Amino acid sequence: MADEQGFTPRSTDFSAWYNEVVLRAELADYSPVRGSMVIRPWGYGIWENMQRALDQMFKDTGHQNAYFPLLIPMSFLEREKEHVKGFAPEVAVVTHAGGKELEEPLVIRPTSETIIYAMFAKWVRSYRDLPLLINQWANVVRWEMRTRLFLRTAEFLWQEGHTAHVDEADAEAETIRMLGVYRTFMEGWMAMPPVLGRKSDSEKFAGALRTYACEAMMQDNKALQAGTSHNLGQNFARQFELKFQTAAGGEDFAWNTSWGVSTRLVGGLVMTHGDDGGVVVPPRLAPIQAVLVPIYRTDEERTLTVEKAHGLAGELKRAGVRVHVDDRDTLKPGAKYFEWERKGVPVRIEIGPRDVAKQSVMLVWRLELGGRPRKEPMLESVVVDSLPERLEQFQQALLDAAIARREANSYRGVTEYARLREIVEGAGGFVYAGWCGSPECEEKVKDDTKATIRCIPFEEFRSPEAPARCLVCGGEAKMEVIWARAY
RNA sequence: CGGGGCGUAGCGCAGCCCGGUAGCGCGCCUGCUUUGGGAGCAGGAGGUCCUCGGUUCAAAUCCGAGCGCCCCGACCA
């Protein structure tokens with residue numbers, strides 16, 4: 001750590017900065033088991049706000065929550081060939097229970113496709129039972145070789161949506177719809193603007209027909225796969241006999257989709273908005289949106305300012321603002337400022353005797369954004385009415401800044417392989433270039449530069465001019481892709 | 001699994017080379033003074049020095065083995 005109070009600057013060592021911020025903002029801590037972590041109240045509060053927003057969106061699109069068990073028979077996982085191949089190395093297996101060795105080992109779910117579609121098969125008889133739209137909030141375990149707080153841990157929390165449909169078109173529409181929900185959430189709540197697109201075959205989910213993803217750019221210009229949505233085709237339906245009677249009286253396998261986002265998003269939030277002073281939490285996700293800090297010297301002043309703070313807090317709460325009064329008498333105001341800035345509370349409201357006398361307060365934003373001053377004196381009488389709107393403006397300014405940063409580090413129309421290497425091995429960023437579609441070219445870039453195809457972007461994200469040549473082999477480009485190093 | 005680093009008070013570390021009463025900073029507790037950007041002073045609590053074995057009159061320190069964690073690389077949300 002640079003010194004007792006500050007963080008290692010991002011420019012010196014981004015990854016050291018990230019670890020320090022997560023630990024010292026009290027988002028999470030290491031648990032005694034390698035690679036697993038404890039999510040602390042501040043981090044969990046952010047996750048809860050993420051859950052709340054997403055859960056509502058899932059319900060608004062017709063999904064219902066359910067819960068499927070943690071333990072899955074080993075044989076289930078083995079049923080889909082690609083699927084088991086994809087997950088086998090990282091699955092934790094329970095071999096003993098009740099003091100005896102089990103006849104069939106149980107796997108701790110790395111994901112729940114197998115158990116869920118096995119159950120769907122029991123519940124679906126007719127096309128009238130479709131679509132079946134289910135979501136679950138759960139923990140999963142993947143024994144990763146290398147772990148990082150929030151970004152990759154042995155156990156993590158997520159939601160996994162699982163649906164069954166009558167035909168491919170319906171399943172595809174669902175897959176794309178839910179990717180869109182993720183985008184809405186990431187932009188609107190996290191102020192983290194993703195690029196949307198399809199994954200190449202080598203990057204797609206084990207067992208899926210097609211995988212789509214939201215790729216966000218972190219401040220070190222690396223990509224973070226922030227959410228995925230899969231069209232599973234009939235692969236799982238065939239293995240688990242998820243069949244239904246069609247309207248025409250025939251029989252068909254259902255078409256499935258699955259989609260998920262995880263606590264990894266919390267890491268993405270940190271790496272999108274955090275600065276050398278700590279975390280920055282967008283207002284819509286902040287467990288505390290405004291912290292009130294009374295400032296006083298004497299007991300009389302203390303009574304005056306603390307009462308004033310609680311009074312204002314009550315009004316703000318009624319106006320729908322999540323507030324906290326930090327009336328701890330053991331810390332000086334400055335210490336409180338640093339603590340709440342480290343944790344990323346969007347705005348602080350200072351209330352001192354001079355403010356009370358003027359019937360005003362001092363707003364201090366977490367950072368200067370969108371040309372607004374950080375400090376802003378405001379009459380008490382207007383705080384309650386204007387703060388919700390100002391918080392929304394702050395939220396929007398965070399998104400604008402993130403979009404600007406992403407664009408500034410995106411390189412379109414790259415046609416020279418040397419240029420790709422220069423960018424990827426230098427400052428990093430998203431490189432838009434042509435690809436012939438061959439796995440060999442994809443592999444070569446990965447071997448040479450550690451960059452991978454993050455996605456084949458949707459039309460909205462593509463460059464005005466379609467690339468003509470494959471960046472790697474010079475052959476005819478079948479599509480435009482985004483290259484970047486990724487988490 | 002390869003490379004690197006580290007294990008000493010709650011946290012961060014020094015001490016180890018050259019064996020001899022276990023220390024510093026921060027935090028914590030008590031009191032007084034403080035409080036508009038990380039408070040000051042005084043007093044105080046807090047330790048299987050990662051584990052096991054060896055050498056020695058004597059081991060945090062030397063030797064051997066083991067364990068754990070973090071960071072960097074190969075797999076992945």
Side-chain angles (χ1 to χ4, degrees), chain A residues 1-6 8 13-16 18-20 23-24 29-37 85-91 110-111 139-160 182 199 202-206 211 213-216 223-230 258-268 277-278 293-299 301-302 305-306 326-342 348-357 361-362 364 374-375 377 446-447 450 452 485-487:
Chain A
M1 219 163 281
D3 63 71
E4 279 298 319
Q5 297 177 333
T8 298
D13 185 343
F14 192 78
S15 138
Y18 175 82
N19 286 325
E20 290 169 18
L23 292 172
R24 289 185 49 215
D29 202 352
Y30 294 106
S31 94
V33 176
R34 182 198 70 87
S36 61
M37 68 172 193
K85 219 166 65 191
F87 282 105
E90 58 197 60
V91 164
T111 180
N139 57 338
V140 288
V141 168
R142 298 181 188 177
W143 216 255
E144 301 290 351
M145 293 191 247
R146 204 166 153 249
T147 59
R148 300 198 59 191
L149 295 168
F150 286 112
L151 301 174
R152 187 173 302 107
T153 46
E155 176 184 358
F156 57 92
L157 304 183
W158 77 346
Q159 59 69 216
E160 45 182 325
Y182 288 154
K199 286 291 187 182
S202 73
E203 296 273 331
K204 79 174 187 203
F205 176 74
T211 289
C214 293
E215 294 285 331
L224 182 77
Q225 180 172 301
T228 49
S229 186
H230 318 287
S258 69
W259 26 275
V261 295
S262 71
T263 38
R264 172 179 252 202
L265 290 177
V266 178
V293 180
I295 297 155
Y296 48 82
R297 289 167 195 278
T298 62
D299 281 349
E301 284 178 352
R302 179 171 177 216
T305 55
V306 168
D326 190 348
D327 56 8
R328 286 175 294 180
D329 194 34
T330 50
L331 293 180
K332 291 177 70 174
K336 298 179 184 178
Y337 301 167
F338 282 105
E339 177 175 332
W340 293 112
E341 284 173 8
R342 190 158 59 233
R348 164 174 84 239
I349 303 177
E350 302 176 3
I351 302 175
R354 295 203 293 273
D355 302 305
V356 175
V361 297
M362 181 66 82
V364 185
R374 244 194 107 200
K375 295 197 178 192
K446 189 174 179 179
D447 290 346
K450 290 177 212 148
T452 50
R485 283 186 182 165
Y487 276 97

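All figures in this text were calculated on a predicted structure; none of them were measured in a lab. A note on names: the letters A, B, ... follow the listed sequences, proteins ahead of strands, and every chain is numbered from 1.
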Using nucleotides 73-77 of chain B, report all nitrogen or oxygen pairs with the protein that are shorter than 3.5 Å.
residue	atom	partner	partner atom	Å
B/G73	OP2	A/Arg146	NH1	3.4
B/C75	O2	A/Glu144	OE1	3.4
B/C76	O2'	A/Glu144	OE2	3.3
B/C76	O2	A/Arg152	NE	2.1
B/C76	O2	A/Arg152	NH2	2.8
B/C76	N3	A/Arg152	NE	3.2
B/C76	N3	A/Arg152	NH2	2.5
B/A77	O3'	A/Gln225	O	3.4
B/A77	O3'	A/Gln225	NE2	2.5
B/A77	O2'	A/Gln225	O	3.4
B/A77	O2'	A/Arg264	NE	3.1
B/A77	O2'	A/Arg264	NH1	2.4
B/A77	N6	A/Thr153	N	3.1
B/A77	N6	A/Thr153	O	2.7
B/A77	N3	A/Ser262	OG	3.2

The ring pair (Phe, Tyr, Trp, His ring centres under 6.0 Å) partners of A/Phe87 (sequence neighbours excluded) come to A/His83, A/Phe205
A/Glu339 meets the salt bridge (charged side-chain N to carboxylate O under 4.0 Å, His left out) criterion, sequence neighbours left out, with A/Arg328
With sequence neighbours left out, the residues meeting salt bridge (charged side-chain N to carboxylate O under 4.0 Å, His left out) with A/Arg302 are A/Asp329
**Asked** Just checking A/Lys375: base, sugar-phosphate only, or nothing, at a heavy-atom cut-off of under 4.0 Å?
**Response** base
query: At under 4.0 Å between heavy atoms, what does A/Arg328 touch on the DNA or RNA strands: base, sugar-phosphate, or nothing?
result: nothing
- Query: Would you call A/Glu341 and A/Arg348 a salt bridge, taking side-chain N to carboxylate O under 4.0 Å as the test?
  - Reply: yes
Those residues at least two apart in sequence (or on a different chain) that pass side-chain contact (heavy atoms from CB on, under 4.5 Å) with A/Lys446 are A/Thr452
ask   = Phosphate oxygens OP1/OP2 of B/C70: is one of them under 4.0 Å from a side-chain N or O of A/Asn19?
value = no
Of A/Arg297 and A/Asp13, the one whose nearest nucleotide on RNA chain B sits closer to the 5' end is A/Arg297
Across all chains, not counting sequence neighbours, the side-chain contact (heavy atoms from CB on, under 4.5 Å) partners of A/Ser258 are A/Glu113, A/Tyr117, A/His162, A/His230, A/Leu232
By the 4.0 Å heavy-atom rule, please label A/Arg348 as base, sugar-phosphate, or nothing. base
- What does A/Arg354 touch in the nucleic acid at a heavy-atom separation under 4.0 angstrom: a base, only the sugar-phosphate, or nothing? base
Distance, P atom - from B/C29 to B/A45, rounded to whole angstrom:
15 Å
Looking only at B/G37, B/C70, B/G38, the nucleotide nearest the A/Lys332 side chain is B/G38
